[in-house]
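Just below is one structure, and these are the notes that go with it.
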Amino acid sequence: MRKPIMAGNWKMNCDNDEACKLACGIVDTMAAPGEAEVVVFVPATALTTVVNCVEDSPIEVGAQNLFWADKGAYTGEISGRMIVSTGARWVLIGHSERRGRFGKLEEGWTEAHVAYFGDSDVTVNAKTRKALEVGLKPIVCCGELLAERQAGRTDEVVGGQVRAMLDGLSPAEVAKLVIAYEPVWAIGTGEVCDAEEANRVCGVVRSVVAEVAGPAVAEGLRVLYGGSVSPDNVAGLMAQPNIDGGLVGGASLKAESFVALVAAAAASV
Ligand code: PEP
């Protein structure tokens with residue numbers, strides 16, 4: 001039995017006061033999450049604040065990115081050890097908003113599909129290795145663009161991203177990951193992927209993990225779905241056998257809706 005996870009991605013929202021209010025709101029309204037794990041990925045500036053706010057609650061805290069070196073001339077970047085020093089225990093890696101698509105604006109793509117930060121399969125792998133080295137728990141993201149789905153390339157794109165993120169990792173290291181399948185066209189659009197199709201692609205993720213790290217690791221690995229998850233659609237997603245939780249943007253920014261998602265994850269066990 002895989003323990004479900006409900007993870008909130010606050011993106012670039014919440015200054016320290018707002019972060020404290022939101023975190024306290026979640027703590028105050030959330031019943032015991034039972035068998036579900038709850039993580040909030042908060043802006044780097046709010047890590048310490050939120051870690052303090054959720055102390056003594058079941059909520060865990062993560063950063064939204066890390067750099068693959070320990071220190072040095074990387075102005076503006078944040079190392080894994082810096083994240084650990086805040087008390088956060090998780091890190092999000094390779095979110096589609098950070099993956100690079102530079103110079104490739106093609107038909108069907110919008111501005112939203114052209115990432116600003118240039119993460120590639122190679123840097124996502126380097127960041128994943130570093131996260132594991134410093135003891136952070138990574139949620140690593142994959143997902144296809146609308147144009148790739150329309151071209152029938154979903155499995156190829158997602159499979160390729162998963163193979164690349166796992167490159168060079170031992171089965172024991174792969175077992176420490178959580179993978180989030182997030183179709184890019186479903187993120188922040190209100191257009192959720194059909195639950196059965198999301199389940200199918202999460203199954204593709206699991207089968208690639210099985211090829212790389214063996215069936216036992218694949219069976220135990222948690223695969224989340226992300227993309228316009230809301231209290232209205234979460235039950236159908238959580239009912240799918242290959243979906244072990246959600247990575248949620250918009251609906252994680254209000255305590256009430258996030259707590260409803262946590263309850264749905266807990267009820268799915
Ligand atoms: C996300 O930020 O990873 C995400 C899935 O956002 P939203 O839930 O708003 O689609």
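As the structure lists them, so they are numbered: ligands from 1, and atoms in each ligand from 1. Position 1 is the first residue of the sequence; numbering continues from there. Owing to the predicted nature of the structure, the values given are computational and were not obtained by experimental measurement.
- For atom 5 (C) of ligand 1, the closest non-hydrogen atom on the protein side is Glu182 OE2, 3.1 Å.
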> Step by step, would you call Glu37 with Lys3 a salt bridge (charged side-chain N to carboxylate O under 4.0 Å, His left out)?
Replying inline: CA-CA 7 Å; Glu37 276 184 83; Lys3 191 171 185 176; 5.0 Å; no

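- Both the backbone and the side chain of Ile187 come within 4.0 Å of ligand 1, counting heavy atoms alone.
- Between Arg206 and Glu219 there is no salt bridge, since none of the side-chain N atoms of the basic residue sits less than 4.0 Å from a carboxylate O of the acidic one.
- Shown are Leu22, Thr29, Ile59, Val38; of these, the side-chain contact (heavy atoms from CB on, under 4.5 Å) with Phe258 is made only by Val38.
- Each of the atoms 3 (O), 5 (C) of ligand 1 lies under 4.0 Å from some heavy atom of Leu247.
- Using a 4.0 Å cutoff on heavy atoms, Ser228 counts as a contact of ligand 1.
- Of the N or O atoms in Gly227, none lie within a sub-3.5 Å distance of an N or O in ligand 1.
- For Gly226, no nitrogen or oxygen atom sits less than 3.5 Å from a nitrogen or oxygen atom of ligand 1, counting backbone and side chain alike.
- Of all atoms in ligand 1, listed by their number and element, those nearer than 4.0 Å to a heavy atom of Val248 are 8 (O).
- For Glu144 and Arg153, the salt-bridge test fails: no basic side-chain N is under 4.0 Å from an acidic carboxylate O.
- Less than 4.0 angstrom separates some heavy atom of Gly188 from each of these atoms of ligand 1: 7 (P), 9 (O), 10 (O).
- The backbone of Ala186, and not its side chain, has at least one atom closer than 4.0 Å to an atom of ligand 1 (non-hydrogen atoms only; backbone = N, CA, C, O).
- Counting only heavy atoms of the protein, atom 8 (O) of ligand 1 lies nearest to Gly249 N, 2.8 Å.
- Checked by distance only, ligand 1 and Glu97 stay at 3.5 Å or farther apart across all their nitrogen or oxygen atoms.
- In this pair, Tyr74 and Phe67 present their aromatic rings tilted. The plane angle is within the 30 to 60° band.
- Which parts of ligand 1 touch Gly250 is read off a 4.0 Å heavy-atom cut-off, strictly below it: atoms 7 (P), 8 (O), 9 (O).
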>> One pair to check against salt bridge (charged side-chain N to carboxylate O under 4.0 Å, His left out): Arg149 and Glu197. What are the steps and the verdict?
In response: CA-CA 12 Å; Arg149 171 164 285 270; Glu197 171 61 7; 3.0 Å; yes

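- Residue, atom and distance of the protein heavy atom nearest to atom 2 (O) of ligand 1 are Lys11 CE, 2.7 Å.
- Within the 4.5 Å cutoff, the side chain of Trp90 has heavy atoms near those of the Ile139 side chain.
- A salt bridge links Asp121 to Arg99: one of the charged nitrogens lies within less than 4.0 Å of a carboxylate oxygen.
- Ranking protein heavy atoms by distance to atom 1 (C) of ligand 1, first place goes to His95 NE2, 3.3 Å.
- Asp70 and Ser79 share no donor-acceptor pair across their side chains, judged by distance under 3.5 Å alone.
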